[in-house]
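Read through the structure below, which is laid out as structure tokens, and then see the notes.
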Amino acid sequence: MTPPPIEITSALLSEWLDALSRFSAEGPGVTRLAFDEHWCQAHRWLAARAADLGLAATADAAGNLFFHDPALVPAAPGSPVILVGSHLDSVASGGRFDGAYGVLSGLLVAAELRGRGTLPVVGLATCEEEESRFHGNLLGARSLLGLASAAELDALLDSDGVSWRRALESARLRGCATALAPGASPFTATFRAAMMIEPHIEQGPVLETERLGLGVVDRVAGYRRLRAILSGEARHSGTTPMPARRDALAAAAEMILAAETLAMENGPPALATAGSVRARPGLFNVVPGACELWLEVRHVELDGLARLLSELERRCKAIAARRGVGFAIEQVSSQAPAPLSPDLAAAAERLAEEQGIAHRRMASGAAHDAMVFARAGVPSLLVFVPSRRGISHSPEEFTDAGALWTGYHFVRDLAARLAAGGGTGVLRPVGP
Ligand code: GLV
Ligand code: MN
Ligand code: MN
């Protein structure tokens with residue numbers, strides 16, 4: 001075992017979280033969108049910190065970044081590893097901890113556990129999870145598991161019409177991805193994930209309210225994201241009588257309230273959100289003739305999610321029909337709810353009890369990279385630390401240094417235990 005050349009302390013974790021948060025576009029909070037210049041700078045900064053810790057940093061063709069023992073050869077056949085990490089991208093005007101905490105925890109855990117155990121521990125920064133630039137359905141985790149298709153590279157466009165392929169190529173030119181291998185499915189696994197552990201802030205109020213130090217997450221809610229196009233009639237706002245209007249924005253307003261009412265009627269864990277509405281032509285003196293509306297529903301059960309989706313569509317169609325407004329809807333992205341590994345959750349609970357850390361089992365309402373690994377058959381676990389006032393996806397996101405360190409320490413010890421046992425009692429056999 002080689003100790004890291006830098007002492008890993010709570011102060012270092014906090015200092016590096018601060019440093020990582022500065023790779024951001026101007027404006028409130030952190031804005032670091034997949035493959036943009038801030039993302040690339042953060043990527044390179046992380047690779048340099050890995051080197052400081054005596055680790056190698058290997059990027060894959062999708063821009064995911066792995067931190068590992070230099071003696072460990074990427075893509076070596078028959079060599080499973082434990083992945084610990086989260087995502088490098090952020091939402092627009094997001095917080096300093098979402099994703100970043102898991103990325104830095106993975107980096108530091110890989111450094112502390114280098115050369116220990118039967119299963120190597122590799123830190124991970126996925127390239128994209130937030131769907132804030134491309135509506136790409138957790139494309140970081142999906143690409144590294146070989147689940148992203150070649151067609152998506154050209155089909156996924158950002159709001160300026162830049163394709164995922166072009167954005168990735170510009171990141172590659174800046175040293176943040178390797179060249180794409182030719183072939184139908186462009187991405188292949190750099191390391192074979194035997195298990196995945198994702199340290200993350202809770203992003204909700206449960207742990208703080210119940211004064212707990214850790215959340216052991218056993219399931220993650222799924223979502224459906226929809227883009228609705230409403231077509232009414234643009235007319236003079238000063239001369240068109242109210243009953244004669246086919247106002248696309250007024251119809252959207254009713255749909256937004258219908259979504260809210262639907263989720264309230266269903267009660268927790270049903271959620272519905274209208275995240276964006278854009279009216280055309282967008283003037284004082286024109287009745288809006290067209291409108292684009294983004295809707296999202298979430299639920300931890302697949303049938304609950306399906307019911308929410310079909311009822312929301314039914315209510316929106318009825319509103320459009322009553323108002324004489326055209327209504328077309330397409331699904332932009334979706335994730336099925338994902339159960340995480342019961343064996344890993346049990347191992348985490350045992351360790352939390354041994355260490356005297358107050359904890360609970362819980363579901364995650366937010367989506368996470370771990371859900372993609374879990375659905376691909378990789379035993380996966382999310383470990384939460386409390387979020388102040390439950391606020392996240394906001395510049396006000398905050399977790400104090402003590403809580404961050406407790407979670408880090410816990411994940412390191414859990415990974416050490418799993419690595420030492422070669423995954424015994426947790427791992428299903430890993431195929432060829
Ligand atoms: C990820 O943060 C999500 O749940 O949208
Ligand atoms: Mn997020
Ligand atoms: Mn996140």
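First listed ligand is number 1; within each ligand, the first listed atom is number 1. Side chains included, hydrogens not; waters and symmetry mates left out as well; all remaining heavy atoms used.
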Handout entry: N, O or S from H87 under 2.8 Å to the Mn ion (ligand 3)
Key = yes
Problem - Note: E397-R96 ion pair, threshold 4.0 Å (strictly below) - result: no
Exercise for the section: Salt-bridge test for R315 and E313: reply yes if a basic N is under 4.0 Å from a carboxylate O, no otherwise. Expected result: no
Exercise for the section: Write the atom name of the N, O or S atom in H200 that is nearest the Mn ion (ligand 3). Expected result: NE2
Exercise for the section: Could you check which N/O/S atom of D98 is closest to the Mn ion (ligand 3)? Expected result: OD1
Handout entry: R375 to F373, cation-pi by 6.0 Å centre distance and 45° axis angle
Key = no
Handout entry: Within 45° cone and under 6.0 Å: R278 NZ/CZ vs W294 ring
Key = yes
Handout entry: Side-chain donor-acceptor contact under 3.5 Å, T58 with H68
Key = yes
Judging by distance only, is a nitrogen or oxygen of [X] under 3.5 angstrom from one on ligand 1?
{"X": "D98", "answer": "no"}
{"X": "Q203", "answer": "no"}
{"X": "G365", "answer": "no"}

Problem - Test ring-ring contact (aromatic ring centres under 6.0 Å, His included) applied to W16 and F97, step by step - result: CA-CA 11 Å; W16 284 12; F97 303 91; over 10 Å; no
Handout entry: Nearest to the Mn ion (ligand 2) - the N/O/S atom of E130, by atom name
Key = OE2
Practice task
Using a 4.0 Å heavy-atom threshold (strictly under), name the region of H368 that reaches ligand 1: side chain, backbone, both or neither.
Solution key: neither
Practice task
Record the part of E130 in heavy-atom contact with ligand 1 below 4.0 Å; permitted values are side chain, backbone, both and neither.
Solution key: side chain
Problem - Close approach of R225 to ligand 1, heavy atoms, under 4.0 angstrom - result: yes
Exercise for the section: Could you tell me if any non-hydrogen atom of R298 lies under 4.0 Å from any atom of ligand 1? Expected result: yes
